[in-house]
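Heads up: the structure comes next, in C-alpha cells.
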Number of protein chains: 2
Amino acid sequence: METGWQRQGKLWSNLKELCEVLRIPHVAAHTDEELLFQHVQFKTGQRIHTIGQPFDTLYIVHSGFLKTVLIDEFGNEQVLSFPMKGDLFGVDGIHTKRYASEAVALSNCDLILLPFKKLTALGRVHVEFEHAMYSVMSRELVREQAMVSMLGALSAEARVARFLVSLSERYADMGYSSKLFNLRMTRHEIGSYLGLTLETVSRTLSAFNEIGLITVDQRSIGIKDPDALKTLRRLPPSSSRAKQVAAKKSKQAAEQKESPDSDWGQLASA
Amino acid sequence: METGWQRQGKLWSNLKELCEVLRIPHVAAHTDEELLFQHVQFKTGQRIHTIGQPFDTLYIVHSGFLKTVLIDEFGNEQVLSFPMKGDLFGVDGIHTKRYASEAVALSNCDLILLPFKKLTALGRVHVEFEHAMYSVMSRELVREQAMVSMLGALSAEARVARFLVSLSERYADMGYSSKLFNLRMTRHEIGSYLGLTLETVSRTLSAFNEIGLITVDQRSIGIKDPDALKTLRRLPPSSSRAKQVAAKKSKQAAEQKESPDSDWGQLASA
DNA sequence: CGTATCATTGAGGCGGCTCAATTTTTGTGG
DNA sequence: CCACAAAAATTGAGCCGCCTCAATGATACG
C-alpha cells in the first residue's frame, strides 16, 4: 500500500483506477484519450481546504485518514465525518461555490483531485460515470441521514457502539483487520462526531472493556463481540411509544419466548 | 394559491416553471421540444413513497407540506425533514435504487414528478441544468450537516428557537408572513426532528411565550423577537426569568420601536 | 355529541455534562 | 537518549437538563 509515496506530487490515476477507489462500476473505457487525475499528498495536521475557500475541486481519499469539521460562531469544532479510502469529500462546496466545511488530515494522506469541471464534462461523455457520481452523492446524503437519526434517538452507549462497528466494517472493506485496529482520532474528535463529551466517550469505552465487548488500550481497539455492539441500544426516546407497544405486542404474539430486547440495555449502572 | 387544485392529475409544468420552483437559474430554453413534467396530488396523510420501494423518480414540492421519516428496526419514527415549496426529495433513493426514507403529506400537496432518467438525460443536454441538480443535492447535504451540528451541540431551547427561525424564513421565501404562521406538524414530529421529546418542545414553546419571544396558541405561532431567537443559546434559570420579563416589559413600554440587541443570547456560553 | 388525537403542565429520576485531579502518551530540543 | 512540556486519556464527584410517567385540557372528525 501507499506505493510511490516518496514520489511526492508525481502520482496520477486514470479513470479506471478512480472508479476502483470510489467503488463504482468501471466506466466503459473506450477512451483512447488517457484521462489522468492528479494526486496530492498531505501530512498529518495539514488542512486540505478551509471554510469559505472558493470551491472548484472534489477530493477522493486514496490512502490515509481525515476529518471534516464545521466551526460554529463561537469557534467550536463540530466533526462531520472521518473520510478514509474510497470516500469523496468537498461536495458541500458545490452549492455556494465555497466549501462549507474544513478538511484536516489525521494521518499522512494521498488524495486524488477531481476538478468539478472535469467531473461534469466526464458525466456528459460517460453516462455510467454521471450516474455513479449522483450515486456517490446520494450515498453521502444517506450517511448524513443515518447520522441525524443516531444523534436524535440513540443513547451514548449505542452511539459509541455503532461508531466502533462502522469503523470495524470500514477497516474490513479496506483490507485491514476488523478485529484489531487503531483509532486515528482523539476522544475529543469522536465525542464531537457523536454529540458527546470526550469524558463520556472514554468512560463508555472503559465500560465496554470491562464487560468484555472490546479491549481498549489508548488508541488500540480490539473488537470482541461485534454482534452485541451492533444490537446494543437503550430506551427509545422521543419516539412514539404507541407504535413500539404495538410492534412489541405483535412480536410477542408471534414468538412468545425470547425477550426482544438485548440484556445489554441495562448496563448503565456500570 | 393552489390554483387548479380541482383539476386532479391534469397539471403539467414545463422546464422553465420547474427551474423557477427549484430556485435555480433558468435553463436556456432553446428547446422547441416542449418538455413537460407531470404533477401529482396527494391528500393529507397519504404516503408518497415508502422505505425500500424501488426508486425511479424524484419529487419537487409545488405546494403543500410534507415530512420525510426514517423507521428504525423497532418501528420508531425519526423525522428527517419537512419538505415544502421548492424542496426536492427522494434523492436518498439514487444510491441503492430504493428509497431510504418515507415521505408523508402533512397537508394536501401538489408535487412535480422528476423521473431520474429524465433528469440525467436533461443534464446531458443542458449543462446549466446538470450543474443546478448537483447544486440542489449539495444544498441538501449542507442542510443535513447543519442538522447534525445542531443535534450534536445545541441545547433544547436553542434547537427549538432555530427551528422556529428557519421556519419563519422559509415562509418569508414562499411569500407568507414570517411573523405569524401555523405549524403544519405536531409537537411529536417537531421533537423527533430536533431529537427531543414532545413534552420538551411544548414546554420550550411555553417558556418562549412567557418571556415574550413568541406567542403560542396550539399550532399558531407568532414571532416576536427573531433576533433573540437566532442568537439564543440557553435560557436563563427560571428563578431569574421573572425579573427579565419585567425588565423587558418596561423596555418595550419605554421604546416602542425595534427591540435592541437582546441579552438572551449571550448567557452562559461557557 | 362522543371519541381519538394533540397539547399542556407537573413531579421526579437519571443520563450525560461540568469540573477537577491524575496518569500516560506524544512531541521537542539539549 | 533523556528531560521536559504539552496534549491526550482515564477516572471520580456532583449536578442539571431533559426524559419518563401521569393527568388534564383543547381540538378535530365522524
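From a predicted model like this one, the values you see are computed outputs, not experimental measurements. All chains are named by letter (A, B, ...) in the order of the sequence lines, taking the proteins before the strands, and each is independently numbered beginning at 1.
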For this session: Using only side-chain N and O atoms of Thr200(B), determine if any of them is under 4.0 Å from OP1 or OP2 of dC18(D).
Result: no

Exercise. Taking atom C1' of dC17(C) as reference, at what distance in whole Å does atom CG of Leu196(A) sit?
Worked result: 10 Å

For this session: Calculate the interatomic distance between Glu189(B) atom CD and dA7(C) atom C1'; express it in whole Å.
Result: 13 Å

Exercise. For Thr44(A), does its backbone N or O pair with a side-chain atom of Asn108(A) as donor and acceptor, under 3.5 Å?
Worked result: yes

For this session: Rounded to the nearest angstrom, tell me the gap between atom CZ in Arg159(B) and atom P in dC18(D).
Result: 7 Å

For this session: Check the distance between dG10(C)'s P and Arg203(B)'s CZ and give it to me in whole angstrom.
Result: 9 Å

Problem set entry | Among dA26(D), dC18(D), dT25(C), the one nearest Ala156(B) by side-chain distance | dC18(D)

Exercise. Just how far, in rounded Å, is C1' of dA8(D) from CE of Met185(A)?
Worked result: 15 Å

For this session: Would you please indicate if the ring centroids of Tyr193(B) and Phe163(B) are separated by under 6.0 Å?
Result: yes

Exercise. Is there a donor-acceptor contact under 3.5 Å from the side chain of His62(B) to the main chain of Cys109(B)?
Worked result: no

Exercise. Does Asp217(A) or Gly195(A) map to a spot on DNA chain C nearer the 5' end, using the closest nucleotide for each?
Worked result: Gly195(A)

Exercise. Is the shortest side-chain N/O distance from Arg219(B) to OP1 or OP2 of dA7(C) below 4.0 Å?
Worked result: yes

Identify every side-chain donor-acceptor pair in residues 65-74 of chain A under 3.5 Å, counting partners at least two apart or on other chains, and give the distances.
from     : atom 1 : to        : atom 2 : distance (Å)
Lys67(A) : NZ     : Glu77(A)  : OE1    : 3.3
Lys67(A) : NZ     : Glu189(A) : OE2    : 2.8
Thr68(A) : OG1    : Ser81(A)  : N      : 3.3
Thr68(A) : OG1    : Ser81(A)  : OG     : 2.6
Asp72(A) : OD1    : Phe74(A)  : N      : 2.8
Asp72(A) : OD1    : Gly75(A)  : N      : 3.1
Asp72(A) : OD1    : Asn76(A)  : N      : 3.0
Asp72(A) : OD2    : Asn76(A)  : ND2    : 3.4
Glu73(A) : OE2    : Arg162(B) : NH2    : 3.0

For this session: Check whether any side-chain N or O of Ser206(A) sits under 3.5 Å from a backbone N or O of Ser202(A) as a donor-acceptor pair, and report yes or no.
Result: yes

For this session: Write down the distance between CG (Leu194(B)) and C1' (dC19(D)), rounded to a whole number of angstrom.
Result: 15 Å

Exercise. Using a cut-off of 4.0 Å on non-hydrogen atoms, how would the nucleic acid contact of Leu198(A) be classed: base, sugar-phosphate, or nothing?
Worked result: base

For this session: Take atom CZ of Arg187(B) and atom C1' of dA26(D), then tell me their distance rounded to the nearest Å.
Result: 12 Å

Problem set entry | Distance, rounded to the nearest Å, where Glu199(B) contributes CD and dT9(C) contributes P | 13 Å

Exercise. Is any side-chain N or O of Ser206(A) closer than 4.0 Å to OP1 or OP2 of dT11(D)?
Worked result: yes

